[in-house]
Amino acid sequence: MTAAEATGAPRVTATAGALSAERAIAALPGPREPAGRLRSVIEQALVFSGATLAAVYTPDTTGSALALVESAGVPRSLYGLRDTYPADGDSPMAAARRERAPLWLTPDALDGCPPPDQSRAKDISVAALPLGDAAGHAGCLLAVTERPGGFGTGEQDVLVLLAAALGGTVPAPARDTCPGDHDDAGSFGLAMDSGRIDADARLLALFGMAPGDFDGRVETLLAQTVPEDLPTLMSVVEADHMAIGDRELDFRIQRPSGEPRWLRLRGQVVADADGRTRLLGTVTDTSDLRSGVTDVTRVQRLAAVLAGTSTVREASQAVAAGLRGPLNADRIALAELEGERLVVTVLDPPDPELWPGTWRTEWRSEWPDAPLRAMPTLSAAIRDGRPAILEAGTPLEPDVAEVGPGGLAVLPLPAGGRTAGLCLIGWDEPHAFGADERAFLTAAAGLAGQALTRVRASDAEHELVGTLQRSLLPRRLPDIPGGRAVARYLPTVAGLEVGGDWYDVIPLPDQHVALVIGDVQGHNAVAASLMGQMRTALRAYAIEGHSPDVVISHTNRLLVGMETDLFATCCYLDVDMESGSVLCVRAGHLPPVLRLPDGRVDTVDTAGGPPLGVVPDADFPMTELVLEPGTLVALTTDGLVESAGCDIDVGIAALGDALARSDPGHLGLVADALLDGANRNDDVALLLMRYDGTAVRPRRAGLTVRREPHAVRAARDFTGRTLDDWRPGTDDTGTDDTGTDDTGTDGSDTGGARTADTVLLVVTELVTNALLHTTGPVRLDLTLVRDRLRVAVGDASPRSPVKPVATPWESTGGRGLLMVEAVTAAWGTVPVSGGKQVWAEIVTGPARP
């Protein structure tokens with residue numbers, strides 16, 4: 001075929017397609033990257049000309065044949081396109097190269113022509129264009145289209161431009177066969193009906209897999225394909241799309257480093273005698289024909305890393321790591337914009353000695369101390385919102401110039417119509433900024449700005465959540481006599497990270513302590529708010545002096561009355577730290593787990609009631625326990641022992657095993673070990689208490705005072721007998737707490753007498769007030785702990801006594817509380833089970849054992 005048989009070479013006109021192609025050609029890799037430029041030109045041919053296949057042929061080393069060096073588009077086997085053609089033959093490529101003129105072949109002109117022919121695909125048109133070198137012997141660009149009428153004028157203009165752009169830059173084929181037909185190609189056989197694939201070791205190595213790790217399923221290999229290439233690859237290996245014949249496709253897989261690897265699949269579908277089809281072929285590595293990591297890849301990689309950051313510092317570090325290496329920069333600084341100052345979040349490298357002197361003195365949070373308006377370069381970049389690319393030698397203020405004496409990029413970080421901060425990238429040696437690099441910097445700045453805005457909001461949200469959670473839980477646990485308690489709380493990592501788990505340790509009168517743990521249904525602000533209300537209400541009921549079952553019953557009725565759809569579980573323990581006796585009440589919660597002093601673990605079998613907020617008048621039975629000194633009590637919520645993959649019984653058993661191995665002498669370490677590896681899809685609350693027992697047992701005595709004429713005398717007599725027995729304020733030597741002789745001239749115990757007079761005065765005043773101003777029973781309780789004697793008088797009235805501000809001299813009453821205050825170390829009143837208790841403490845000195 002000659003040029004006369006073709007439609008001729010049209011004159012290149014300035015069509016819209018040609019103008020677009022010209023701009024695309026200007027952005028192509030330079031002549032120093034022939035492989036990358038070749039691939040890019042072929043891809044542009046597909047985009048701007050509407051071709052379904054584009055290929056380039058060049059003379060082999062002997063000059064007797066034209067060999068394929070690159071192709072793109074549909075598998076060339078669809079058109080019967082071979083890897084080599086005789087240089088002096090009748091193929092369109094040979095004819096165009098020989099005549100040094102483009103050939104535009106319609107379907108009719110292709111009849112009887114060597115492949116590509118009509119036997120594989122009907123109604124195709126072909127364009128063959130010699131490459132634009134001076135001698136005209138560089139090779140030929142081949143394009144195939146299935147459009148009716150073939151290539152139009154605009155498409156022809158584009159192909160002429162692209163062919164001219166390849167002149168003199170096409171690499172010669174290494175040998176007569178197509179690149180990719182290497183001796184190290186991996187081979188495979190795929191059964192189309194079952195998806196089972198037989199792959200040799202070389203093919204598995206290309207996919208980064210060892211033979212022993214491969215399960216023989218084609219899906220395992222497809223899973224490593226870059227998502228954008230997967231649909232095309234599926235069309236080759238799926239049975240529904242298969243027809244007998246050759247197949248060829250270039251695709252990418254993702255390497256562990258993050259960079260893609262280009263692979264070329266070449267194969268043939270064959271049918272056996274039973275009609276089953278198999279795809280037999282090879283896979284070769286064609287990455288050497290591709291350019292290195294593209295800027296698009298870098299941007300995609302940076303976007304993927306930024307998507308996983310959750311704090312400002314993490315996002316800043318990701319930007320610095322994603323820019324400094326690819327750009328070979330010497331230093332990068334990221335700073336947030338706060339008002340008129342920049343707050344540095346990351347400096348890379350982090351060593352102060354690698355930064356200019358100004359930076360070494362400003363290595364705190366702000367850079368520099370001068371306001372932003374004192375740095376015109378940065379102010380202008382923020383005001384204009386456009387990157388400033390500053391070549392070496394550009395006049396700059398010293399604080400900025402020293403960051404990049406060989407070149408400096410100042411990138412405003414845009415986010416939602418404003419500037420979130422700045423990124424400064426500096427080079428020490430003169431640096432040339434190419435067009436691709438400028439585009440990459442602009443794209444990276446946009447990603448960084450959006451990420452900083454997102455994580456800043458996330459930081460604020462996390463701080464708000466943390467503040468809310470901390471405000472609803474105890475700030476610290478109180479010191480408890482005869483024991484020690486520690487607690488831990490882990491919020492869920494999903495959602496708002498605030499939940500309804502809570503714990504509390506409540507000191508109670510008479511050396512009692514309440515241990516509480518609970519869980520409100522849900523993981524949101526509503527659950528957290530309800531949790532705060534539950535904890536406050538339960539603490540109030542406990543301090544009022546109610547028994548554990550009454551405390552839980554009152555809390556249950558309160559939750560029912562709130563008309564919420566949520567319920568709560570709770571476990572409440574009232575521990576007598578003197579005797580070790582415990583009253584336990586459960587409301588749908590996990591039972592306590594005890595680690596006994598000998599290391600054995602016991603999950604307490606306690607009676608329980610329903611969750612709070614479900615049944616208005618539910619019963620909550622109490623279970624009595626006794627703790628030995630050295631016992632460790634563990635209360636937890638279900639997040640620690642239950643998950644989607646772990647049954648609650650298994651989790652409780654695992655908790656018991658961990659407690660058995662623990663050292664109760666270090667409660668903090670025990671708590672941390674129990675939470676190690678906890679399920680973070682749910683809240684976790686943990687409360688541990690080690691019961692040691694009190695070193696000194698208080699001495700107690702009590703009397704119910706009857707309402708009769710001699711009631712106060714009966715209370716005084718009872719107090720006197722008790723004091724005679726206890727003898728507070730004296731030791732066995734007959735000396736008082738000052739070390740002087742406390743025996744009077746008549747042999748009386750003056751120190752004990754002074755204490756007794758004070759106690760009798762306080763008892764008289766408090767019991768008299770209770771009898772005069774209240775109704776119902778009156779209870780007198782005396783407690784002696786070391787050198788302090790406590791007098792407590794309880795009655796059925798909730799009204800607290802009021803100390804008068806002033807008492808007229810002629811008044812015969814109203815001075816009782818003033819006298820109590822004068823002779824005691826402290827006094828006060830507490831609500832107790834619907835009434836109150838007025839108490840006073842007297843310092844007695846050492847008591848007789």
Side-chain angles (χ1 to χ4, degrees), residues 35-36 39 42-43 68-78 83 174 177-242 245-270 276-294 296-305 308:
R39 182 69 189 183
I42 292 177
E43 291 174 347
L68 179 70
V69 294
E70 187 64 273
S71 66
V74 301
R76 62 179 185 276
S77 57
L78 292 179
D83 295 341
T177 56
C178 173
D181 284 341
H182 302 302
D183 293 334
D184 58 355
S187 60
F188 68 92
L190 172 64
M192 306 306 301
D193 55 349
S194 64
R196 303 297 297 180
I197 184 171
D198 297 325
D200 63 10
R202 172 55 186 165
L203 185 141
L204 295 178
L206 290 174
F207 279 84
M209 302 179 64
D213 298 333
F214 182 52
D215 58 5
R217 299 170 59 248
V218 70
E219 291 85 357
T220 303
L221 300 180
L222 293 175
Q224 300 191 50
T225 306
V226 172
E228 292 83 354
D229 296 350
L230 186 58
T232 305
L233 184 59
M234 293 292 293
S235 69
V236 174
V237 301
E238 283 187 337
D240 293 343
H241 300 117
M242 297 307 272
D246 295 337
R247 296 290 182 267
E248 181 175 325
L249 177 71
D250 285 4
F251 62 97
R252 294 167 294 173
I253 62 172
Q254 203 74 35
R255 300 183 187 183
S257 63
E259 297 182 5
R261 164 181 284 174
W262 280 97
L263 299 179
R264 176 168 294 171
L265 181 150
R266 302 183 68 186
Q268 186 175 33
V269 180
V270 298
R276 292 192 295 268
T277 57
R278 289 174 58 82
L279 174 62
L280 306 177
T282 61
V283 174
T284 54
D285 188 347
T286 58
S287 298
D288 56 340
L289 299 179
R290 309 277 177 171
S291 60
V293 178
T294 65
V296 174
T297 303
R298 292 192 181 104
V299 170
Q300 290 175 338
R301 191 178 305 164
L302 178 61
V305 174

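Numbering of residues begins at 1 and proceeds along the displayed sequence. In what follows, every heavy atom counts, from backbone to side chain, and hydrogens, waters and symmetry copies are set aside.
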Interatomic spacing from CD in Q224 to CD in E219 - rounded to 0.5 Å = 13.0 Å
Considering all heavy atoms of both residues, which atom of [X] and which atom of [Y] are nearest to each other, and what is their separation?
{"X": "L203", "Y": "V283", "answer": "CD1-CG2, 3.7 Å"}
{"X": "D285", "Y": "R261", "answer": "OD2-NE, 3.5 Å"}
{"X": "R217", "Y": "D215", "answer": "N-OD1, 3.1 Å"}
{"X": "A199", "Y": "L204", "answer": "CB-CD2, 4.1 Å"}

N-O pairing of D200 and R202 below 4.0 Å = no
Criterion side-chain contact (heavy atoms from CB on, under 4.5 Å) on F207 and T220, from CA distance to verdict = CA-CA 10 Å; F207 279 84; T220 303; over 6 Å; no
task = Verify side-chain contact (heavy atoms from CB on, under 4.5 Å) between I197 and F214, making sure each step is shown before the conclusion.
result = CA-CA 10 Å; I197 184 171; F214 182 52; 3.4 Å; yes
request  = Show your working on side-chain contact (heavy atoms from CB on, under 4.5 Å) between I253 and V226 and close with a plain yes or no.
outcome  = CA-CA 5 Å; I253 62 172; V226 172; 5.7 Å; no
